[in-house]
Amino acid sequence: MIFLFHAGCCAGNSNIASIHMTSLLSGLNPEQLEAVTWPHHSALVLAGAGSGKTRVLTTRIAHLLQTGQAHPQNILAVTFTNKAAREMITRIAAMLPINIRGMWIGTFHGLCNRMLRMHAEDAGLPQAFQILDMADQLAVIRRMLKERSLDEKSFPPRQVQWFINSAKEEGLRASRVETQDSYRRKLAECYQIYEGICTREGIVDFAELLLRSYELLSRNELLRDHYRARFNHILVDEFQDTNRLQYKWLKLLAGADSPQRAAIFAVGDDDQSIYAFRGAHVGNMKDLERDFAISKVIKLEQNYRSHGNILDAANILISHNNGRLGKNLWTAEGHGEPVRVYHAITDIEEAAFIVDEIKALQADGLALSNIALLYRSNAQSRILEHSLFNASIAYRVYGGMRFFDRQEIKYALAYLRMIAFPDDDHALLRIINFPARGIGARTLEQLQEEAGAAGSSLWQAALKRCDGAGDTAARRANASGKSVAGFVHLIQTMQQACAGLSLPEIVHHVGEMSGLMAHYQAEREGAERLENLKELINAATSFVHESEDDSLLAFLSHASLEGGEHQAGSYQDAVQLMTVHAAKGLEFHSVFISGLEEGLFPHENSRHEANGLEEERRLMYVAMTRAQRRLYLSHAQSRMLHGQTRVNVPSRFVEEIPGDLLKRLRPDSRADIGSQPFFMSPADDARPVRRAAGSTASNASSRSVAAMAAHAPGLRIGQQVSHTKFGPGTIIDYEGSGADMRVQVCFSHAGTKWLSLAYAKLTPL
DNA sequence: CGCTTGCGGAGGAAG
DNA sequence: TCCGCAAGCG
């Protein structure tokens with residue numbers, strides 16, 4: 001009764017409580033209020049974009065606690081991303097002065113991990129099971145295929161991986177996969193073998209976390225009853241993104257068919273379902289209504305984000321989809337500006353237009369970080385970056401490599417793993433020869449044979465090898481015996497050295513002793529990797545401070561479950577570039593959606609998928625509803641794709657928006673020429689119109705000198721420079737900006753190289 | 001062992 | 001066109 005305890009601290013607690021109550025619920029619109037104060041019965045909240053979804057979710061939790069309808073330990077709230085989970089926790093903590101420890105708030109995978117660690121034995125897992133990310137999983141699959149002499153051509157590892165994960169997400173074990181045709185039968189065999197490896201080595205992939213947890217609950221009645229009695233409020237964020245297994249898990253946990261079932265409070269938006277390709281099943285929304293006897297869907301349709309024209313355009317666009325649950329966003333604000341549509345001749349010219357508009361917005365006082373450039377596929381960012389760079393506009397690209405995905409981090413983590421759990425074959429294989437210590441494929445094969453024969457881990461096999469002291473046969477042929485001995489010795493030394501140290505100290509030691517630091521120090525382009533290794537120590541430090549469990553094992557799980565930021569953020573004000581998928585959940589004053597062409601958006605691959613076009617349209621809907629005040633849609637008549645210039649028709653999505661909501665812009669004038677035809681004659685095409693302001697030249701020599709100087713004072717293309725190692729040279733090209741800026745230098749003696757300005761010491765001559 | 005070369009493929013991506 | 005991966009050479 002944590003809340004009552006708090007209230008009881010204060011005199012006149014009923015007064016305090018009512019003040020809290022008012023402040024919690026005040027400012028909610030009627031629908032939000034209905035959702036927040038919904039009785040202890042399952043509910044489906046259809047929450048449109050910008051309708052205050054997170055607020056409803058967090059306020060409901062606070063309200064349940066405050067009114068004594070639930071104690072923290074009765075609450076389980078599940079999200080898809082760590083970011084969303086963190087935000088939820090932060091907001092609840094800001095609303096209520098309570099200890100939120102008892103609540104289970106996290107991602108599906110995080111919560112399943114928590115449950116499996118607590119009941120590892122019951123779940124048939126070793127206490128220290130390791131979590132594989134996608135890349136690790138792929139590596140294990142490759143290893144398996146090789147061991148089984150299965151041809152990678154007839155068994156593409158990625159397809160095998162996809163098959164296994166899809167099966168797991170349907171809740172199917174290898175033995176229960178349907179095998180009508182021989183191909184599926186073979187894949188099912190792979191799944192079977194893979195399962196064996198995972199069991200033997202105590203490794204668990206992402207899908208396995210859920211499946212194990214599900215099986216644990218369904219098999220173990222005691223545990224199931226325990227959790228059912230405990231969590232009587234289950235709240236789900238982004239419900240439209242749940243896959244079949246996640247829904248089954250929720251259903252089992254909530255006890256859909258048991259008399260005293262939990263209330264599931266699911267918040268989602270079928271119109272924003274854009275993850276079918278990774279298993280999301282929107283049908284779960286209908287299933288929830290049925291399985292939990294939900295009589296009324298609460299709709300949050302008032303939008304607090306966008307102006308009217310933007311919402312109207314989005315509403316009409318999405319109305320072209322069938323089978324929607326049905327929802328129409330509205331705003332209390334005015335219509336605002338029309339949606340701007342720009343018809344570019346080429347992709348280059350499209351980028352130039354965007355740059356010009358950004359400059360104009362900037363001149364009007366808008367911060368760059370309030371501007372987003374969205375695109376359907378990552379490949380499109382290149383040309384936008386190029387143009388932004390030339391115009392000296394700071395930008396930040398989202399996506400790509402995440403911190404814990406980096407190879408140097410993976411190596412360090414594998415060493416950490418070996419310290420605590422040396423029997424981990426997967427970790428051993430990753431680092432046994434990195435940094436290089438002369439252990440080749442040959443030695444490894446032998447080791448694997450020995451381990452196979454003894455039925456032991458590779459580590460045990462390596463130990464045995466070293467035990468066989470003296471000059472036995474193992475040592476005769478080459479030095480590999482020595483190398484393995486060296487490796488064994490290294491790990492053992494590290495184990496001893498790290499005993500009793502704090503986590504950050506261990507990470508530091510491992511970096512030094514493994515030789516990783518030295519390796520990257522010696523490597524020419526290793527500066528950034530070195531930085532990341534240092535950053536890993538920081539990550540360990542903050543982990544120790546923030547986490548209840550500061551063990552090495554917990555840190556390793558954390559690393560697997562939390563990819564980390566995409567890149568160390570340069571905190572300067574910058575335009576935000578990202579895919580539409582990555583933009584979901586975000587909002588910006590001004591949004592550009594570029595590449596609105598048939599084949600690109602909607603993407604041509606979607607044509608061969610069931611309901612592919614509708615998913616693309618939802619994607620467009622998500623993109624449009626990111627904009628608060630100004631929305632630009634642009635498309636180019638011709639675009640370079642896969643090395644070929646292709647001519648494209650404007651996206652049907654643009655056509656689906658009524659003309660009276662649009663303002664069409666043209667390259668040669670800002671006048672409204674919406675009545676003119678979209679396509680220009682070939683003669684026009686031959687002489688593309690260039691906007692005056694932005695240089696769109698693609699070769700470095702004609703780039704704006706001023707542009708580069710703005711990023712790197714004192715440097716320009718053509719500048720003679722000197723490098724401490726490579727000697728004199730000339731700057732011939734550059735890319736990136738700020739801390740990420742790199743220059744290409746043609747050295748007199750050392751050839752042409754790309755160098756990071758942040759690390760390379762270049763002296764202007 | 002590590003680097004270079006050549007070929008193929010190319011969508012979106014949390015945990 | 002560009003990137004990433006697999007085989008091949010020094």
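Letters A, B, ... are given to chains in the order of the sequence lines, protein chains preceding strands, and every chain is numbered from 1. Just so it is clear, the model here is predicted, and its values are computed rather than measured.
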Is the distance from OP1 or OP2 of [N] to the nearest side-chain N or O of [X] less than 4.0 Å?
X: Asn378(A); N: dG11(B); value: no
X: Arg402(A); N: dG15(B); value: yes
X: Asn113(A); N: dG15(B); value: no
X: Thr579(A); N: dG11(B); value: no

Next on the checklist: For the C1' atoms, the ones on dA6(C) and on dG11(B), what distance do you get once it is rounded to whole angstrom?
Outcome noted: 24 Å

Item to check | Interatomic distance at P, dG12(B) relative to dC5(C), whole Å | outcome: 16 Å

Checklist entry - Do the numbers put Arg117(A) on top of the ring of Phe129(A), so that NZ or CZ is under 6.0 Å from the six-membered ring centre and no more than 45° off the axis? => result yes

Item to check | Axial cation check for Tyr398(A) ring with Arg396(A), 6.0 Å and 45° limits | outcome: yes

Between [atom2] on [N] and [atom1] on [X], what's the gap in Å once rounded to a whole number?
X: Glu615(A); N: dA13(B); atom1: CD; atom2: P; value: 13 Å
X: Met134(A); N: dA14(B); atom1: CE; atom2: C1'; value: 10 Å
X: His603(A); N: dA13(B); atom1: NE2; atom2: P; value: 12 Å
X: Asn611(A); N: dG12(B); atom1: CG; atom2: P; value: 21 Å
X: Glu87(A); N: dA14(B); atom1: CD; atom2: P; value: 17 Å
X: Tyr398(A); N: dA14(B); atom1: OH; atom2: P; value: 13 Å
X: Asn82(A); N: dA13(B); atom1: CG; atom2: C1'; value: 14 Å
X: Gln161(A); N: dA13(B); atom1: CD; atom2: P; value: 16 Å

Checklist entry - Can you give one letter per nucleotide of nucleotides 1-10 of chain C, 5' to 3': B if a protein heavy atom sits under 4.0 Å from the base, S if only from the sugar-phosphate, - if neither? => result BSS-------

Next on the checklist: Ring centres within less than 5.5 Å and planes less than 30° apart: is that true of Phe206(A) and dG15(B) in this structure?
Outcome noted: yes

Checklist entry - Could you walk me through whether Thr242(A) and Asn284(A) pass the side chain to side chain donor-acceptor pair (under 3.5 Å) check? => result CA-CA 7 Å; Thr242(A) 50; Asn284(A) 285 344; 3.0 Å; yes

Checklist entry - Side chain of Glu616(A), base of dG11(B): donor and acceptor closer than 3.5 Å? => result yes

Checklist entry - Between Asn165(A) and Gln137(A), does any side-chain donor sit less than 3.5 Å from a side-chain acceptor? => result yes

Checklist entry - Residues two or more places apart in sequence or in another chain: which of them pass side chain to side chain donor-acceptor pair (under 3.5 Å) with Asn433(A)? => result none

Item to check | By side chain to side chain donor-acceptor pair (under 3.5 Å) - contacts of Asn532(A) (at least two apart) | outcome: Glu408(A)

Next on the checklist: Would you call the rings of Phe277(A) and Tyr275(A) parallel, tilted or perpendicular, taking 30° and 60° as the class edges?
Outcome noted: tilted

Checklist outcome for this item: Of dC1(B), dG15(B), dG12(B), the nucleotide closest to the side chain of Glu169(A) is dG15(B)

Checklist entry - Considering only side-chain heavy atoms of Arg376(A), which listed nucleotide, dG11(B), dA14(B), dC1(B), is closest? => result dG11(B)

Next on the checklist: Using a strict threshold of under 4.0 Å (side-chain N to carboxylate O), is an ion pair present between Lys410(A) and Asp136(A)?
Outcome noted: yes

